[in-house]
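Written below as structure tokens is the structure these notes are about.
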Amino acid sequence: VQLQASGGGLVQAGGSLRLSCAISGGYTLEYVAIGWFRQAPGKEREGVSCISSSGMSTWYRDSVKGRITISRDNAKNTVYLQMNSLKPEDAAVYYCAADPFTVTTMCREEDYEYAYWGQGTQVTVSS
């Protein structure tokens with residue numbers, strides 16, 4: 001399966017971005033859980049959010065709760081990450097990843113649970 005992340009860019013603190021993760025090549029979105037991760041320079045990769053294959057379960061890391069929303073459009077085979085009220089500490093390369101093995105009602109926070117990864121999209125937040 002291939003994942004294509006897009007939508008990153010430069011935004012001022014307090015601004016918004018919507019990241020997209022398009023899935024292709026063997027899996028349809030309804031059968032995979034999707035996670036978003038980020039990695040800032042000099043820091044370890046961390047989970048940001050995930051959504052189960054059913055779409056019924058989501059998870060957000062504490063620092064983004066209330067500011068970031070994950071959603072999916074199965075018809076477009078795309079998952080979105082709407083990011084509002086962005087802070088300088090949100091700046092990082094954002095990656096989406098697919099997990100086709102977890103049951104439909106769950107999604108995983110840990111990056112090692114994800115088998116397929118996209119190439120990343122840069123998010124820069126100016127203060």
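- No side-chain heavy atom of Tyr95 sits under 4.5 Å from any side-chain heavy atom of Leu3.
- The nearest pair of heavy atoms linking Gln82 to Ser16 is NE2-CB, 4.0 Å.
- No donor-acceptor pair closer than 3.5 Å links the side chain of Asn74 to the backbone N or O of Leu29.
- Side chain of Gln39 to main chain of Ala92: no donor-acceptor pair is present (N/O by atom type, distance under 3.5 Å, no hydrogens or angles).
- To the nearest 0.5 angstrom, Ile51 atom CD1 is 13.5 Å from Asp99 atom CG.
- Annotation for Arg67 and Ser85: closest pair NH1-O, 3.0 Å, computed over non-hydrogen atoms.
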Residues Lys87, Asp90; criterion salt bridge (Lys or Arg N to Asp or Glu O under 4.0 Å); working and verdict
CA-CA 5 Å; Lys87 303 177 180 180; Asp90 294 317; over 6 Å; no
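- Contact check for Leu81 versus Ser49: side-chain heavy atoms found under the 4.5 Å cut-off.
- Between Val32 and Val1, the closest side-chain pair of non-hydrogen atoms is not below 4.5 Å.
- Using a 4.5 Å heavy-atom cutoff, the side chains of Tyr114 and Cys96 are not in contact.
- The closest donor-acceptor contact from the side chain of Ser54 to the backbone of Thr104 lies under 3.5 Å.
- How far OG of Ser20 is from NZ of Lys76: 9.0 Å, rounded to the nearest 0.5 Å.
- Using a 4.5 Å heavy-atom cutoff, the side chains of Val123 and Arg38 are not in contact.
- Distance check, rounded to the nearest 0.5 Å: CD of Glu109 to CZ of Phe37 gives 9.0 Å.
- Using a 4.5 Å cut-off on side-chain heavy atoms (C-beta onward), Val11 and Met83 make no contact.
- Within the model, atoms CE of Met106 and CH2 of Trp59 stand 13.0 Å from one another, a figure rounded to the nearest 0.5 Å.
- Cluster membership for Val64 and Leu17, using ILVMFWY side-chain heavy atoms within less than 4.5 angstrom, is shared.
- For the atom pair Ile68 CD1 and Leu86 CG, the distance stands at 6.5 Å (nearest 0.5 Å).
- For Tyr60, the OH atom counts as densely surrounded, since its 6.0 Å shell holds more than 12 non-hydrogen atoms of other residues, nucleotides or ligands.
- What you find for Ser57 and Cys107 is that their closest heavy atoms are O-SG, 4.2 Å.
- Val48 and Tyr116 end up in the same hydrophobic cluster when Ile, Leu, Val, Met, Phe, Trp and Tyr side chains are linked at under 4.5 Å.
- Residues Val79 and Ile70 form a side-chain contact, since some pair of their non-hydrogen atoms from C-beta on lies under 4.5 Å apart.
- The line from SG of Cys50 to CZ of Arg108 is 9.5 Å long, rounded to the nearest 0.5 Å.
- A heavy-atom distance below 4.5 Å is not found between the side chains of Thr105 and Ser52.
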